[in-house]
2 protein chains.
Amino acid sequence: MRIGELAERSGLSRDTIRFYERNGLVRSVPGSSATNNYRDYPEDNLVWLRFITGAREAGLSIADLRDITAAISCDMDRTEARQVLAAKIDELKARADEIRRAIDFLERARDQTAGSAEG
Amino acid sequence: MRIGELAERSGLSRDTIRFYERNGLVRSVPGSSATNNYRDYPEDNLVWLRFITGAREAGLSIADLRDITAAISCDMDRTEARQVLAAKIDELKARADEIRRAIDFLERARDQTAGSAEG
DNA sequence: AAAAACAATAGACCATGGTTCACGGTTTGG
DNA sequence: CCAAACCGTGAACCATGGTCTATTGTTTTT
């Protein structure tokens with residue numbers, strides 16, 4: 001599909017998709033037409049962009065996602081790929097821990113800010 | 001304590017602390033000297049900055065933390081404060097969910113990138 | 001008392017992650 | 001056929017979250 005359709009269906013803007021592509025997060029192939037240089041974005045980009053979007057919300061950087069894309073696209077040998085993925089998984093787990101701590105802190109603070117029906 | 005000591009003991013730079021202060025994340029009071037305008041940073045800023053640092057790693061923005069600081073500093077009435085805190089807690093929980101999903105995805109990808117001893 | 005360290009303020013600077021704009025070419029709908 | 005919508009490219013622009021650099025004045029240290 002062309003970029004406009006991908007944008008429409010992924011909910012991202014054309015510009016964001018192009019930005020991701022420039023940074024190695026999205027892959028496309030030359031389109032079939034000889035009269036233009038429109039690119040073709042394979043269907044699986046839809047699933048992929050859903051992951052990317054979630055991963056961005058999870059706090060992974062563009063650089064992180066470039067590495068992950070390379071690892072999953074077999075741009076590197078299996079050993080390296082697994083190392084990259086393991087490293088990002090660890091990063092995410094560390095972030096999850098920070099979040100748990102922050103939630104704890106905030107819940108305690110909220111509970112100390114007693115309700116309006118307090119004595 | 002003065003900003004240098006706070007920086008030293010918190011592990012943040014003076015500049016970062018001043019930046020946080022400008023943005024309402026840190027509070028200080030005028031120092032006791034009449035000959036300068038050095039500010040005094042109460043001891044509890046140490047605990048507070050530890051939270052701030054963790055919360056930043058957890059993905060809360062400066063704006064989020066400004067709101068949280070205001071809520072916890074009783075700059076607003078209890079009802080509003082509890083609402084703010086509840087909203088930030090929800091935000092963090094949503095992010096935690098995204099992280100779980102991303103970890104799932106990456107672990108599956110890692111496991112499909114079979115080990116070097118594969119067939 | 002003079003140098004070195006520290007403080008406050010203001011403004012410039014930087015990286016990240018997009019977004020917008022200007023341009024020329026292509027396709028598509030009426 | 002021709003305007004509207006689409007595409008690719010490149011560069012400018014923007015907000016966020018700091019960081020660095022003067023500049024000026026105040027302790028501390030020697």
Side-chain angles (χ1 to χ4, degrees), chain A residues 1-42 45 48-69 88 91 95 98 102, chain B residues 1-42 45 48-69 88 91 95 98 102:
Chain A
M1 79 188 84
R2 298 196 308 202
I3 196 169
E5 187 183 348
L6 182 58
E8 177 80 18
R9 293 173 61 188
S10 68
L12 298 174
S13 73
R14 288 170 195 74
D15 289 311
T16 296
I17 294 172
R18 290 212 182 91
F19 171 77
Y20 285 169
E21 186 165 11
R22 267 202 304 289
N23 286 282
L25 274 56
V26 166
R27 305 288 168 90
S28 66
V29 295
S32 52
S33 167
T35 53
N36 65 31
N37 57 343
Y38 293 2
R39 305 201 53 91
D40 182 69
Y41 294 79
N45 271 307
W48 186 240
L49 281 178
R50 226 173 338 262
F51 164 67
I52 295 282
T53 302
R56 291 282 306 123
E57 275 162 35
L60 289 181
S61 70
I62 298 293
D64 285 333
L65 289 168
R66 185 181 353 75
D67 295 346
I68 290 171
T69 304
K88 303 308 177 185
E91 196 182 323
R95 197 182 310 272
E98 287 300 340
Chain B
M1 77 190 85
R2 297 195 309 201
I3 196 170
E5 187 183 347
L6 182 59
E8 177 79 17
R9 293 172 63 187
S10 69
L12 298 174
S13 72
R14 288 170 195 72
D15 287 315
T16 297
I17 293 172
R18 290 212 181 91
F19 171 76
Y20 285 170
E21 187 165 9
R22 267 201 304 290
N23 286 282
L25 275 58
V26 166
R27 307 287 169 93
S28 65
V29 295
S32 51
S33 166
T35 53
N36 66 30
N37 56 342
Y38 294 1
R39 307 202 48 93
D40 182 70
Y41 293 80
N45 272 305
W48 186 240
L49 281 177
R50 222 168 348 259
F51 163 67
I52 294 283
T53 302
R56 290 284 306 125
E57 275 161 36
L60 289 182
S61 70
I62 298 293
D64 285 333
L65 288 168
R66 185 181 351 78
D67 294 346
I68 289 170
T69 304
K88 303 308 177 184
E91 195 182 322
R95 197 184 309 272
E98 287 301 340

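Please read all numbers here as calculations on a predicted model, not as lab measurements. The chains referred to below are lettered A, B, ... by the order of the sequence lines, with proteins before strands, and numbering in each begins at 1.
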Atom-pair distance ([atom1] on [X]; [atom2] on [N]), nearest Å:
X: A/F19; N: D/dC13; atom1: CZ; atom2: P; answer: 18 Å
X: A/E57; N: C/dG17; atom1: CD; atom2: P; answer: 14 Å
X: A/E5; N: D/dC6; atom1: CD; atom2: P; answer: 12 Å
X: B/L25; N: D/dT16; atom1: CG; atom2: P; answer: 14 Å
X: B/I52; N: D/dG17; atom1: CD1; atom2: C1'; answer: 13 Å
X: B/D64; N: D/dG17; atom1: CG; atom2: C1'; answer: 13 Å
X: B/L60; N: D/dG18; atom1: CG; atom2: P; answer: 12 Å
X: A/R66; N: C/dG17; atom1: CZ; atom2: P; answer: 9 Å

Side-chain N or O of [X] versus OP1/OP2 of [N]: is the shortest distance under 4.0 Å?
X: A/S13; N: C/dG18; value: no
X: B/R18; N: C/dA8; value: yes
X: A/R39; N: D/dC7; value: no
X: A/R56; N: C/dG18; value: yes
X: B/N36; N: C/dA8; value: no
X: A/Y20; N: C/dG17; value: no
X: A/Y38; N: C/dG25; value: no
X: B/S33; N: D/dT26; value: no

Pair A/D67 + A/K88: basic N to acidic O under 4.0 Å:
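Judged by the 4.0 Å cut-off on N to carboxylate O distance, A/D67 and A/K88 do form a salt bridge.
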
Near B/E8 CD, under 6.0 Å, is it more than 12 heavy atoms from other residues, nucleotides or ligands?
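Not more than 12 within 6.0 Å, no.
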
Select from B/S61 and B/R2 the residue whose nearest nucleotide in DNA chain D is closer to the 5' end of that strand.
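Result of the comparison: B/S61.
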
Taking the side chain as everything from C-beta on, heavy atoms only, tell me whether A/L6 gets closer than 4.5 Å to A/R2.
no

Could you check if a side-chain atom of B/Y41 sits within less than 4.5 angstrom of a side-chain atom of B/I17, using non-hydrogen atoms only?
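Yes, at least one pair of side-chain atoms sits under 4.5 Å.
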
What contact category does A/D15 fall into here, base, sugar-phosphate, or nothing, at under 4.0 angstrom with non-hydrogen atoms?
base

When you measure from the side chain of A/T16, which nucleotide among D/dG18, C/dA7, C/dT19 comes out closest?
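Output: C/dT19.
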
More 5' along DNA chain C: A/N37 or B/R22, using each one's nearest nucleotide?
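Its nearest nucleotide being more 5', the pick is B/R22.
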
Could you tell me which non-hydrogen atom of A/S28 sits nearest to which non-hydrogen atom of A/P42, and how far apart they are?
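Minimum heavy-atom contact is CA-CD, 4.3 Å.
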
